[in-house]
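A short write-up of the structure that comes next.
As the structure is a prediction and not an experimental result, all values here were calculated from the model. Counting convention: from 1, in listed order, for ligands and their atoms alike. In what follows, every heavy atom counts, from backbone to side chain, and hydrogens, waters and symmetry copies are set aside.
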Amino acid sequence: MKPRGAIPQDCSRCRLDRSRNNIVSGVGPRKCRIAFIGEAPGRDEDERGEPFVGRSGRLLDDALAEAGVSRDEVFITNLVRCRPPGNRRPRKDEKGACRGFLVKEIEETGVEVICALGETVARELIGVDERMSDLVGRAFPIHLFGKDYTAVVAYHPAACLYRRDKLPSFRNSVRCGLEAAGML
Ligand code: URA
């Protein structure tokens, strides 16, 4: 699917431009109801220029398919658009440098529901500091970028790759997000 981000292809707002192969903007229909937001592109995403196309992405696709929704019906993006070296967590200044692009993507799609994939995203967008096990599957009213949204927290699919016991919770959270978005 065509990336929707307005990010210039030579963006050098942060140091991640030195190691990236591709800028990974969000993908999805022009208008949609829910955005799934991950942390940062990984190796596969950096190579292909599209978010969640590796093993984590397949788990997201499967969870959507199980709920009868296709990847093409939702918006998928990340806090930052370039892969941090060695898949480290994006730093505060990197998230800050990319924030404007995320705001633009989210606003343009008109989504009302955000599904925060993983702890970093939940803390960043919802500002909660409870344990992930207490947050997953819950919906929070949030005010973000000057607008109201419902945010649903899910484990990051990558966490489910090495902790398969988290998969049912992940699938359930995806379902909760789709329900909150009125897609089920
Ligand atoms: N993990 C993320 O957080 N985002 C991706 O796009 C891929 C893996």
Any N or O on F52 sitting closer than 3.5 Å to an N or O of ligand 1?
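Yes.
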Looking only at distances, can you tell me whether any N or O atom of A40, backbone or side chain, sits closer than 3.5 Å to an N or O atom of ligand 1?
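Yes; the residue has a nitrogen or oxygen that sits under 3.5 Å from a nitrogen or oxygen of the ligand.
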Could you check atom 4 (N) of ligand 1 against the protein and tell me its nearest heavy-atom contact, residue, atom and distance included?
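Result: N78 OD1, 2.7 Å.
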Below 4.0 Å, non-hydrogen atoms only: which portion of E39 touches ligand 1? Side chain, backbone, both or neither.
both
Any heavy-atom pair between the side chains of R175 and L184 that's under 4.5 Å?
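Heavy-atom side-chain distance check passes, below 4.5 Å.
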Validation row: N22, E47 side chains within 4.5 angstrom (heavy atoms):
no
When rounded to the nearest 0.5 angstrom, what distance separates CZ in R164 from CZ in F170?
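The distance works out to 11.0 Å.
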Ignoring hydrogens and geometry beyond distance, is a side-chain donor-acceptor pair present between R15 and S19 at under 3.5 Å?
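Looking only at side-chain atoms, S19 and R15 do not form any donor-acceptor pair under 3.5 Å.
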May I ask you to check whether T120 and R89 show a side-chain donor-acceptor distance below 3.5 Å?
yes
Atoms of ligand 1 close to [X] [distance to a heavy atom under 4.0 angstrom, numbered from 1]:
| X | result |
| --- | --- |
| H156 | 1 (N), 2 (C), 3 (O) |
| G38 | 3 (O) |
| P51 | 6 (O) |

Please output the side-chain donor-acceptor pairs of residues 122-140 that fall under 3.5 Å, not counting sequence neighbours, one pair per line with the distance.
residue	atom	partner	partner atom	Å
R123	NE	E119	OE2	3.3
R123	NH1	V128	O	2.8
R123	NH1	E130	O	3.1
R123	NH2	E119	OE2	2.8
R123	NH2	E130	O	3.0
E124	OE1	K95	NZ	3.1
E124	OE2	R99	NH2	3.1
E130	OE1	R138	NH1	3.0
R138	NH1	D134	O	2.8

